[in-house]
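I have placed the structure first, in the form of structure tokens, so that the comments after it can refer back to it.
Because the structure is predicted, anything quoted here is derived from the model rather than measured. The figures here come from the full heavy-atom set of this structure, side chains too, leaving out hydrogens, waters and symmetry mates.
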Amino acid sequence: MATLIGVPWTRIRCFPNTTHSFIRRSSSYILSFSTNRRSFGVFASSSSDVKLPEKKDKVDEVRVRFAPSPTGNLHVGGARTALFNYLFARSKGGKFVLRIEDTDLERSTKESENAVLQDLSWLGIDWDEGPGIGGDYGPYRQSERNDLYKKFAEQLLNSGHVYRCFCSNEELEKMKEIAKLKQLPPVYTGKWATATDDEVQEELAKGTPYTYRFRVPKVGNLKIVDLIRGEVSWGLNTLGDFVIMRSNGQPVYNFCVTVDDATMAISHVIRAEEHLPNTLRQALIYQALGFPMPHFAHVSLILAPDRSKLSKRHGATSVGQYKEMGYLPEAMVNYLALLGWGDGTENEFFTLQKLVEAFTIDRVNKSGAIFDSTKLRWMNGQHLRALPAEDLIKLVGERWKVAGLLTESEGMFIREAVELLKDGIDLVTDADKALSNLLSYPLYSTLSSPEGKPVLEDKLYEVATYLLSSYDNGELTLAFEEGPDGWKKWAKSFGKSQKRKGKSLFMPLRLLLTGKLHGPDMVSSILLLYKAGKNGLIAPQAGFLTLDERFKILREVDWEGFNKDQPPLESAAVVSH
């Protein structure tokens, strides 16, 4: 709510003579001002002076809105604002309204509007009223509400709160220059505020273009109690008379927003802190028209790691970009909610429904929130692994097929591969690298690495020789066929024959069979590689080497000369994506 302080009250009161088609919440405020020519005042104390429409709405119903401009993609900051409005409405059993602010005709496009709607739907943020749904307070695009703006502009003109200004652009620029020289705020000096009716009629007769300017009281302060920031106040002498209708008949942003929020019965305006300065103009318009004031809550900006405003130079900033990068909507919603809000516990994992249950506006922080892409990636991994098993398998399987790694998107191999690799997948696109690494056989590059040298020097050639023998006599293949129990039995026997156990046994086996020293569970990996060589699911372009092909390479390794020169077979053996 807002209060005007220190404004002299005159005895002239002008009440709106129109009936507004919305329900007034209880509100009380006073606005008055004086000019050299006449005095005006507006007083509103309750809803008794306005006839209530016969609607089913409740007087204290929570109604919030998200009002994007369709001039580009949905920024993560805008998405968070929409989310906070949505959570507040759902937690209070209220209505979430979507309104399109498309008065910037040159920059607004239907493509951008559709993209914004699609991104909101992807996030799971559904609206109760707005484009595609309708409602009792439409239209929901500003470009379709011009008649309404003109109606209220004329009402303000007739009541004296607004006057016609015939100043040219050159005159306005000169006023700014003079104010700058005097180190004063660049406010309008009020040249046409005191014009006589004859002077106005003379300009109208000449066809001189004019704007509608709002009369701002010259003394006093406006104070609001912001639900996030607490008490905020402005001096009215810093503002000057401002334009609400341009000379081409198009309404100005602050006027449109005020009329829209009032006629749509918006009870709470939750928006970014960059709109806080607009509140002064909007509050004056609310009071001049006799509209009840909504509650205001201004959310802090989302900042980059360097604490500057998050922008394209910091990387991806739009919801659509993160969607294309493979992020889940559940993770985006969870992370955006935590940018400036928390439930007071250390819990960081929330579904949308859990957020609705936990959200309160008083726990929104007024300080800026840092956008941490590393934290977002981690959170996406948490949500990815929390998906029902069948959903995760389907998602990753389809990804592998689209990426050209597999010829099918479902089956037992895919189920086992997802289970094996999921802990290393934070984004669905990570699944490509995870599977490619599993299928690759970078034997020579590993043997040539500093980490591989100790394993090589621990008589690796002996392990290779006996491994080849076990493969040739069918023992190893039989172990593969019998699964984990068969492998366990074979490994125990093999280790006993080599007098090796633990790391001394399994590190050489991992290196010889997978070409790597590290990776997911070794037994599961090797058994999966064996199956991959038999089921024909691996696409040719994946560069996969079957176990038969790997043993062929092992037979050709020159173990004695390995450390002297790089083997000529490296280009054929090193397969990595």
Side-chain angles (χ1 to χ4, degrees), residues 393 396-397 399-401 403-425 430-447 452 455 460 463-464 466-491 494-495 505-557 569 572-577:
I393 292 167
V396 176
R399 173 67 199 185
W400 282 338
K401 184 177 181 181
L405 294 174
L406 302 181
T407 58
E408 299 292 338
S409 62
E410 55 185 25
M412 186 55 66
F413 173 82
I414 295 170
R415 182 177 296 274
E416 293 178 3
V418 170
E419 181 62 30
L420 175 65
L421 302 173
K422 66 181 182 181
D423 287 343
I425 301 174
D430 293 346
D432 300 351
K433 184 178 180 180
L435 183 60
S436 294
N437 285 343
L438 176 70
L439 299 177
S440 68
Y441 190 60
L443 177 66
Y444 284 111
S445 61
T446 303
L447 291 174
V455 183
L460 182 63
V463 180
Y466 282 98
L467 182 64
L468 284 167
S469 176
S470 180
Y471 183 70
D472 291 341
N473 64 27
E475 292 179 358
L476 185 56
T477 302
L478 179 61
F480 290 153
E481 289 289 343
E482 293 179 351
D485 290 339
W487 168 269
K488 183 178 181 180
K489 180 180 177 181
W490 174 87
F494 185 82
L505 170 64
F506 294 112
M507 187 64 78
L509 287 177
R510 177 186 282 274
L511 174 55
L512 294 170
L513 292 171
T514 71
K516 297 175 281 288
L517 292 171
H518 306 286
D521 180 74
M522 185 187 75
V523 177
S524 299
S525 296
I526 294 171
L527 293 178
L528 203 57
L529 290 171
Y530 174 72
K531 295 175 183 178
K534 297 179 61 179
N535 57 28
L537 283 177
I538 312 301
Q541 58 267 37
F544 171 60
L545 295 180
T546 65
L547 288 182
D548 282 342
E549 293 170 318
R550 296 180 188 208
F551 279 113
K552 181 179 180 181
I553 290 173
L554 287 176
R555 296 181 198 281
E556 298 173 356
V557 174
L569 287 172
V574 180
V575 180
S576 182
H577 295 268

Taking atom CE of Met412 and atom CG of Leu537, what is their separation to the nearest 0.5 Å? 12.0 Å
Within this structure, what is the NZ-CG distance for the pair Lys534 and Leu529, rounded to the nearest 0.5 Å? 13.5 Å
Sub-4.5 Å side-chain heavy-atom contact between Leu511 and Phe506: no
Taking only residues two or more places apart in sequence, or in another chain, which ones meet Phe494 in a ring-ring contact (aromatic ring centres under 6.0 Å, His included)? Trp490
Value rounded to 0.5 Å, distance of CZ in Arg510 from CG in Leu517: 8.5 Å
Could you tell me whether the side chain of Glu416 and the main chain of Phe413 form a donor-acceptor pair under 3.5 Å? no
Considering all heavy atoms, the nearest Ala539-Gly404 contact: CB-O, 3.2 Å
Can you give me the closest heavy-atom contact between Leu528 and Ala417, atom names plus distance? CD2-CA, 3.5 Å
Can you check whether Leu547 reaches Leu476 side chain to side chain, under 4.5 Å on heavy atoms? no
Exercise: identify the closest heavy-atom pair between Leu460 and Pro508: CD1-CB, 3.6 Å
Any side-chain heavy-atom pair of Leu435 and Leu406 under 4.5 Å: yes
At their closest point, which heavy atom of Arg550 faces which heavy atom of Leu545, and how far apart are they? NE-O, 2.8 Å
With no hydrogens and no angle check, is any side-chain donor or acceptor of Thr446 less than 3.5 Å from a backbone partner on Gly452? no
Near Glu410 CD, under 6.0 Å, is it more than 12 heavy atoms from other residues, nucleotides or ligands? no
Ser440 side chain reached by Lys516 side chain, heavy atoms, under 4.5 Å: yes
Answer whether the closest heavy-atom distance between the side chains of Phe551 and Leu513 falls below 4.5 Å. yes
Results of salt bridge (charged side-chain N to carboxylate O under 4.0 Å, His left out) for Lys489 - residues two or more places apart only: none
Which heavy atom of Ser525 sits nearest to which heavy atom of Leu420, and what is that distance? OG-CD2, 3.8 Å
Distance, nearest 0.5 Å, that separates NZ of Lys401 from CD1 of Ile414: 9.0 Å
What's the spacing between Leu468 CG and Asp472 CG if we round to 0.5 Å? 6.0 Å
Looking only at heavy atoms, which two atoms of Ser436 and Leu405 are closest? And how far apart? OG-CD2, 3.6 Å
Under a 3.5 Å cutoff, is there a donor and acceptor pairing between the side chains of Glu481 and Tyr530? yes
For the backbone of Ala431 and the side chain of Trp400, can you confirm whether one donor and one acceptor N or O come within less than 3.5 Å of each other? yes
Which distance, rounded to the nearest 0.5 Å, do you find between the CG of Leu554 and the CG of Leu512? 5.5 Å
Would a distance-only check, ignoring hydrogens and angles, find a side-chain to backbone donor-acceptor pair under 3.5 Å from Ser470 to Leu467? no
